[in-house]
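Hydrogens, waters and symmetry mates are skipped; everything else that's a heavy atom, side chains included, is used.
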Number of protein chains: 2
Amino acid sequence: MSDHVSGKWLQRAGLAQRTGCNLETIRYYEKIGVMPDPPRTASGHRIYDDSHLARLRFILRARELGFAIEQIRGLLDLVAGGTQTCAEVKERTERHLADVRAKIADLRRIEKVLASTAAQCSGDEVPECPVLKALAS
Amino acid sequence: MSDHVSGKWLQRAGLAQRTGCNLETIRYYEKIGVMPDPPRTASGHRIYDDSHLARLRFILRARELGFAIEQIRGLLDLVAGGTQTCAEVKERTERHLADVRAKIADLRRIEKVLASTAAQCSGDEVPECPVLKALAS
DNA sequence: CTACAGTCTGTAGCAGCTACAGGCTCAAGA
DNA sequence: TCTTGAGCCTGTAGCTGCTACAGACTGTAG
């Protein structure tokens, strides 16, 4: 089973290599159903084509943008059903954007506290420490 | 077993209530060893005192600031061993701060991509969508 | 004495992977 | 032709930090 049939089909390692996805992650995506169960060779080896490649890339891009798997599944279902509209997708994107902004706000609050507390540290070899004091208070 | 012996000792629910910690989380912290195995009544009910209260508050504050459990365990070990120095704690805090800042940077990158892509959406009831295009590209 | 709130234990589930072990298959070299 | 080794297969366990449940027991108030 040569992997060199250019642009025709791939095995798992080929798909992983072309997408940068971890080998096991592909199987995981199939198991949870965001990637379809692929066809197999007689001996059970998975066979992927360009449609799998495209779908996996979609998933990976969405994950990079912080979309949860269930949100991605939703987007894929919309497209698969042909029922997607820009209005709907925009709304989902903006909901996710709001989540991202909330996380940023949370982290910035944390950053401020950490930075200002650490700034009070002498950094000396003494047991007293403003950070510990803040945590213990 | 009355819970009203003021300021002397507490049961699990009392500790939870005073710290805002979830009941089950306390047991979890004991299981993983960041909280000590508390003494028990004859019938096996946990008994907590002010030292447990203080330790749990320390843990919860540190968690709020995003410290991982293992980092918190490390800080608590330092203090318990009496070997803590401001220098050491400051260094650990700044390492964590760097992690937090890296996460913020990551989320801001995501935020920018999401915002700018969503801004290109017409928001109309049409199947074409810049967000989907960006994910599929 | 009974009802009910509270506690006890172990275990499973969440997200999103990642990494094994143990067995099979396939192609290339000797 | 046989062997070697890479690659594939499966199921399952582990990671972080909880949270929730079931089923049994205990302790107290009426």
Side-chain angles (χ1 to χ4, degrees), chain A residues 1-5 9-35 37-48 52 56 58-74 76 96 99-100 103 106 110, chain B residues 1-5 9-35 37-48 52 56 58-74 76 96 99-100 103 106 110:
Chain A
M1 227 176 309
S2 152
D3 209 333
H4 309 304
V5 185
W9 53 265
L10 298 162
Q11 280 186 277
R12 202 145 57 106
L15 188 61
Q17 189 234 302
R18 260 160 232 248
T19 55
C21 185
N22 180 293
L23 207 60
E24 299 288 290
T25 303
I26 294 171
R27 197 157 64 98
Y28 170 70
Y29 286 162
E30 288 164 9
K31 190 180 149 198
I32 63 171
V34 284
M35 284 292 286
D37 246 355
R40 309 280 185 136
T41 65
S43 61
H45 289 202
R46 291 165 173 82
I47 304 170
Y48 300 102
H52 297 101
L56 183 52
F58 184 102
I59 295 167
L60 294 174
R61 289 228 172 79
R63 287 292 301 134
E64 273 170 30
L65 292 178
F67 282 98
I69 294 277
E70 286 314 305
Q71 296 176 304
I72 297 170
R73 193 198 299 275
L76 287 166
H96 174 50
D99 285 354
V100 170
K103 270 184 201 152
D106 222 50
I110 289 173
Chain B
M1 227 179 309
S2 151
D3 209 332
H4 308 305
V5 185
W9 52 267
L10 297 162
Q11 280 184 277
R12 200 143 59 104
L15 188 61
Q17 188 234 303
R18 259 160 233 248
T19 54
C21 184
N22 180 292
L23 208 60
E24 299 288 288
T25 303
I26 294 170
R27 197 157 64 98
Y28 170 69
Y29 285 162
E30 287 164 10
K31 191 180 149 198
I32 64 171
V34 284
M35 283 293 286
D37 246 352
R40 307 280 185 137
T41 65
S43 61
H45 288 201
R46 290 165 175 83
I47 304 170
Y48 300 102
H52 298 100
L56 183 53
F58 185 102
I59 295 167
L60 294 173
R61 289 228 171 79
R63 287 292 300 135
E64 275 171 27
L65 292 178
F67 282 99
I69 294 277
E70 286 314 305
Q71 295 176 304
I72 297 170
R73 192 198 299 275
L76 286 166
H96 173 50
D99 285 353
V100 170
K103 269 185 200 150
D106 223 51
I110 289 173

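- Separating the CD1 atom of B:Ile32 from the C1' atom of D:dC15 is a distance of 13 Å, rounded to the nearest angstrom.
- Of the possible donor and acceptor atoms, none in the side chain of B:Arg40 sits under 3.5 Å from a partner among the backbone N and O of B:Ile47.
- Each of D:dC18, D:dG27, C:dT7 was ranked by its minimum atom distance to the side chain of B:Arg63; first place goes to D:dC18.
- A donor-acceptor distance shorter than 3.5 angstrom exists from the side chain of A:Arg12 to the backbone of A:Leu23, with no hydrogens or angles considered.
- Atom pair B:Phe67:CZ and D:dT16:P shows a separation of 17 Å (rounding to whole Å applied).
- Minimum atom distance to the side chain of A:Ser43 is reached by C:dC26, of the listed C:dC26, C:dG16, C:dC8.
- Distance, A:Gln71 CD to C:dG16 C1': 14 Å, rounded to whole Å.
- Across the protein-nucleic acid pair, B:Leu15 atom CG and C:dG6 atom C1' stand 15 Å apart, rounded to whole Å.
- Of the candidates C:dC26, D:dT19, C:dT9, the closest approach to any side-chain atom of B:Asn22 belongs to D:dT19.
- C:dA15 atom C1' lies 6 Å from atom OH of A:Tyr28, rounded to whole Å.
- Looking at the side chain of A:Ala68, the nearest of the listed nucleotides C:dT9, C:dG16, C:dC26 is C:dG16.
- Between A:Arg46 and D:dC9 there is a side-chain polar atom (N or O) within less than 4.0 angstrom of OP1 or OP2.
- Residue A:Tyr29 is the one, among A:Gly44 and A:Tyr29, whose nearest nucleotide of DNA chain C lies closer to the 5' end (criterion: closest heavy atom).
- For A:Thr25, the side-chain atoms get nearest to C:dC17 when compared with the rest of D:dC9, C:dC26, C:dC17.
- We find that CD1 of B:Ile59 is positioned 12 Å from P of D:dG17, with the value rounded to whole Å.
- Considering only the side chain of A:His45, C:dC26 comes nearest among C:dC26, C:dA19, C:dT9.
- Under 3.5 Å, the side chain of B:Glu24 and the base of D:dC21 form at least one donor-acceptor pair of N or O atoms.
- A:Glu24 has a carboxylate O that lies under 4.0 Å from a charged side-chain N of A:Arg27, or vice versa, which qualifies the two as a salt bridge.
- With distances taken from any side-chain atom of A:Arg27 to the nucleotides C:dA19, D:dC9, C:dC8, the minimum falls on C:dA19.
- We find that A:Glu70 and A:Arg73 are joined by a salt bridge, their nearest charged nitrogen and carboxylate oxygen being less than 4.0 Å apart.
- Atom NZ of A:Lys103 and atom C1' of C:dA15 are 11 Å apart (whole Å).
- When the C1' atom of C:dC24 is taken as reference, atom CZ of A:Arg12 falls 14 Å away, rounded to whole Å.
- The minimum heavy-atom distance between A:Arg63 and A:Ala68, with the atom names listed, is NH1-CA, 4.0 Å.
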